[in-house]
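Notes for the one structure printed next.
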Amino acid sequence: MNTKHLSLAFAVAAALLAGCAKSPIEEVKTSEQFTNLELAYVGATETKAAIDGKTFPEDGEIGLFLFKDELAETPYGESGYTNVKYAYNSIKSKWTASPAIKVGSIPGHLFGYYPYDSEVANIKAIPVTSSLNGDDVMYASKQEQPITDLTAANTSIKMNHALARVAIKVINNGYTGDAKLSSIKFEDATIASSGTLNAIDGSISASKADDVALSVPATEQTIATGDGTTYECLLVPSEINNERQDVWLYLTIDGQEKNLKLSGGNGVIFKPGVKSTVTITLSNTGIALKSVSINDWQTVKVGEVKVGGHKVTIQTADGIDPNDILAKAYVEGNNVIIKASSFQSKRLICNVGGDAQCERVVTNDKFTFTISEISSDIEAVLGYDPIVTLTVSSDSYGKVWIGEDKSKTSGQFEVGQQVVIHAEPKDNFKFFKWNDNNKESDRTITVGVNDVTYSASFIHKDVIPSLFTVDSNGKQVFFSNGNLYCSGVKFNEDGSVKSMANAQWGFEANQYDTTPSSNGDRVGNHISHFMWCRTPEKAMALEYDSNWNGETPFFAAKNFTVNGYSGWGVLTGGTNGEWVYLLNIRNTIYGKDTDVKNRRYAAVKVNGMAGLLIFPDEFSSWPSEAGDEPKTFNKNSSNWNDRNYTVEQFTVLQNNGCVFLPAAGSRDGNGGDALVSNVGRNGYYWSASPIDVNYAYDLYFFSGDVNPSTSDARLRARSVRLVTESK
């Protein structure tokens, strides 16, 4: 039963005769018969509380006050009845208290409120607080007539909403961050953080606050993919106004505050019993208003028909925005037919009262309900299917399961049920994230109203766990955690490669490492500068390969294998290449709009090594633990912007997904023994794109400039930083 029928239920709630006792109550004769006041629950059991979805009133407690007068100034009896707690008695199917309120034939006025609070001492001063997903505060106003004959079972009270309600629905529209909404703030609105409710007339005394800020618990912060997440706000009105209010709405998402002004036709109404639904889209550019709807808080009827002299009322279940369900009903013979569809194809059910039957047929996400055997006036309540299918899946680099059974990857669960899902990587891999951007390998899911699949992705242990967009189609890559090297190569005396039988490919131990660490010879058989050649033998020996013929270099293949993983390659070059998009076009979040370059990269030093610090797509703010932010990139600078981050500070940056390319210099000249020069001064990184048989594109940078599409001779040995594409 809906909230409106909750009022009707209390309207017909009655005090039932449960026993007799004598009591020396003032102005009552000793022969007077007294009755325990018990409220009967009348109506369908589907009645829901407006916010938390619990069955109301069976799982709640209410507080009752009894006075002799309608202004609640004269106690009933010697000491009166103040804040008596009534709870539902499942055996008696009534609301009872112990000790109970004792009433007789003397007229009295009954008042009440929900939920019960043992600290409440004054029916005219019940504390109320603005909250997120809090209790739906309700109160019982004065009766049209006083209690005159309780034994006749005609006592009635009517429950009313005390607070205003605003639902903030946030839909992820391609946002690539973690999508964690940690707070919601309303500014310049006719609401307050707290106040007191007078249950006699429903008025609220509240001091207007500058703003009302609501914190979102960590377990509820993640904005779901698909139809998004709705955050229900219960707000204390400091003024009652039927008009839409101008209000600034602030959402803190991933630590960054984003604001939106609601005004005019897009404003909201802060009035008890009225619900405003604000639908917002979230993208990498910020938040945008999609729609605002204003509805009476009570259940909304979507149709009413008559068949065989009986009335069939069709309505939406409590807590469901009627805009999310489109329905129409008509009579066909002795049946009622309901045609319905729902927001983003949520599965619908139709609960009917009385002895009627309801059959559901689903065709192309359209729902047809046929109600038959109608023998009385009934209600047909459209709601979401309480049973949904939860599925987990993963790529080939890990395993997922539901609950304790490691073989269970799918199951049916009730809406609102909490379920634990797990993700476990294979050897040499690590968990990255779920498809809703959550990065907890073991997490608790609150089952929603839709069938849902959570997909886990895993990455190789040598990958930096952050994404970088490298083209206009949205291709994203992971970078390796160090520059490429090859060891164990045997050379001839002239510097040519003698044997690669024991050669091993790997990555430098740290992102800021390069071999050699200063100008001079290579270190033993450890090579970290390569020519742009078809074969590794030619690349390491600095032997000119006259038969390139436009072929791809060995390290640019997408199946290049390092440490047992064969998904490595390098970015493309040229004016339309991936290096250019990464550094000059990609729309990252960090930095100011007027400082485009600094939003993508910065010239810095790490552990004394100069290089290029590149920010990932999801880098939204500078971590204070990393020290001072880099200065704006200055083409006239020659000191790498005076920023030298310690190993500890860089670890913070790396944990936030940053990539560092050391200025590893170059190895030019003839043969494998050619010297490495310009270490700590210049950086050169090959691309996968040739220009002709003699030249290829590379990334070149120094402290004063970054050029991601330079032309370089293939016979020069440059650094290589591998990437792997996100699936």
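Sequential numbering from 1 along the given sequence is applied to the chain's residues.
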Measure the spacing between [atom1] of [X] and [atom2] of [Y] and express it to the nearest 0.5 Å.
{"X": "Q504", "Y": "C486", "atom1": "CD", "atom2": "SG", "result": "8.5 Å"}
{"X": "E508", "Y": "S719", "atom1": "CD", "atom2": "OG", "result": "9.0 Å"}
{"X": "L249", "Y": "L289", "atom1": "CG", "atom2": "CG", "result": "9.5 Å"}
{"X": "E648", "Y": "N607", "atom1": "CD", "atom2": "CG", "result": "8.5 Å"}
{"X": "Q476", "Y": "L467", "atom1": "CD", "atom2": "CG", "result": "4.5 Å"}
{"X": "E220", "Y": "S215", "atom1": "CD", "atom2": "OG", "result": "11.5 Å"}

Mind checking whether [X] and [Y] have side chains closer than 4.5 Å, heavy atoms only?
{"X": "Y685", "Y": "L571", "answer": "no"}
{"X": "L722", "Y": "N483", "answer": "no"}
{"X": "V392", "Y": "K399", "answer": "no"}
{"X": "V216", "Y": "S183", "answer": "no"}
{"X": "S687", "Y": "V570", "answer": "no"}
{"X": "Y485", "Y": "V562", "answer": "no"}

Where [X] and [Y] come nearest, the two heavy atoms and their spacing:
{"X": "N428", "Y": "H460", "answer": "O-CD2, 3.4 Å"}
{"X": "N172", "Y": "G174", "answer": "OD1-N, 3.2 Å"}
{"X": "L234", "Y": "R165", "answer": "CD2-CB, 4.3 Å"}
{"X": "P623", "Y": "L653", "answer": "CG-CD2, 4.0 Å"}
{"X": "T316", "Y": "V381", "answer": "C-CG1, 4.0 Å"}
{"X": "F431", "Y": "A456", "answer": "CE1-CB, 3.9 Å"}

Flag, side chain of [X] to backbone of [Y], donor-acceptor distance under 3.5 Å:
{"X": "W622", "Y": "G627", "result": "yes"}
{"X": "T444", "Y": "V419", "result": "no"}
{"X": "S130", "Y": "L235", "result": "no"}
{"X": "S689", "Y": "G573", "result": "yes"}
{"X": "D385", "Y": "V388", "result": "no"}
{"X": "Q511", "Y": "C658", "result": "yes"}
{"X": "N437", "Y": "G177", "result": "yes"}
{"X": "N266", "Y": "L262", "result": "no"}
{"X": "R600", "Y": "I614", "result": "no"}
{"X": "R721", "Y": "F660", "result": "yes"}

(request) Look at K430 together with E424 and state whether they make a salt bridge at an N to O cut-off of under 4.0 Å. (result) no
(message) Run T561 and S566 through side-chain hydrogen bond (donor to acceptor under 3.5 Å, both in side chains) and show every step you take.
(response) CA-CA 4 Å; T561 301; S566 59; 4.5 Å; no
(message) Run K439 and E618 through salt bridge (Lys or Arg N to Asp or Glu O under 4.0 Å) and show every step you take.
(response) CA-CA 13 Å; K439 294 185 178 180; E618 298 179 3; 3.5 Å; yes
(message) I need the single residue from W568, W532, W505 that forms a ring-ring contact (aromatic ring centres under 6.0 Å, His included) with F554. Which is it?
(response) W505
(message) Tell me which one of T222, D254, T252 satisfies side-chain hydrogen bond (donor to acceptor under 3.5 Å, both in side chains) with K180.
(response) T222
(request) Report the residue from T176, T469, N284 that forms a side-chain hydrogen bond (donor to acceptor under 3.5 Å, both in side chains) with D617. (result) T469
(request) Test K426 against D395 for salt bridge (Lys or Arg N to Asp or Glu O under 4.0 Å), laying out the working first. (result) CA-CA 11 Å; K426 293 183 177 179; D395 54 31; over 6 Å; no
(message) Let's go through R586 and D471 carefully: what are the C-alpha distance in whole Å and the side-chain angles of both, what is the deciding distance for salt bridge (Lys or Arg N to Asp or Glu O under 4.0 Å) to 0.1 Å, and is it a yes or a no?
(response) CA-CA 8 Å; R586 177 175 57 113; D471 69 17; over 6 Å; no
Give me the ring orientation class for [X] and [Y]: parallel if the planes are under 30° apart, tilted from 30 to 60°, perpendicular past 60°.
{"X": "Y565", "Y": "Y397", "answer": "perpendicular"}
{"X": "F619", "Y": "F615", "answer": "parallel"}
{"X": "W579", "Y": "F479", "answer": "tilted"}
{"X": "W401", "Y": "H422", "answer": "parallel"}

(request) Begin with the C-alpha distance, continue with both residues' side-chain angles, and end with the deciding distance and a verdict on salt bridge (Lys or Arg N to Asp or Glu O under 4.0 Å) for K433 and E440. (result) CA-CA 7 Å; K433 67 176 182 179; E440 300 172 276; over 6 Å; no
(request) Report the C-alpha distance between I171 and T279 in whole Å, list the side-chain angles of each, state the deciding distance to 0.1 Å, and finish with yes or no for side chain to side chain contact (heavy atoms under 4.5 Å, CB included). (result) CA-CA 8 Å; I171 298 174; T279 304; 3.8 Å; yes
(request) Tell me, with the steps shown, if T368 and K339 meet side-chain hydrogen bond (donor to acceptor under 3.5 Å, both in side chains). (result) CA-CA 5 Å; T368 300; K339 299 285 187 180; 3.1 Å; yes
(request) Evaluate the criterion side chain to side chain contact (heavy atoms under 4.5 Å, CB included) for residue pair I349 and F367; output intermediate values, then yes/no. (result) CA-CA 9 Å; I349 57 173; F367 299 83; over 6 Å; no
[X] [atom1]: over 12 foreign heavy atoms closer than 6.0 Å:
{"X": "D405", "atom1": "CG", "result": "yes"}
{"X": "K366", "atom1": "NZ", "result": "no"}
{"X": "Q417", "atom1": "CD", "result": "yes"}

(message) Applying side chain to side chain contact (heavy atoms under 4.5 Å, CB included) to F468 and V659, what does each step give before you reach the verdict?
(response) CA-CA 10 Å; F468 297 78; V659 163; 3.5 Å; yes
(request) Decide yes or no on side-chain hydrogen bond (donor to acceptor under 3.5 Å, both in side chains) for S455 and S393, but give the supporting numbers first. (result) CA-CA 5 Å; S455 299; S393 64; 2.8 Å; yes
(message) Please tell me whether F432 and F478 form a close aromatic pair, meaning their ring centres lie under 6.0 Å apart.
(response) yes
(request) Begin from the C-alpha positions of Y581 and N576 and carry the test side-chain hydrogen bond (donor to acceptor under 3.5 Å, both in side chains) through to its verdict. (result) CA-CA 7 Å; Y581 193 92; N576 295 317; over 6 Å; no
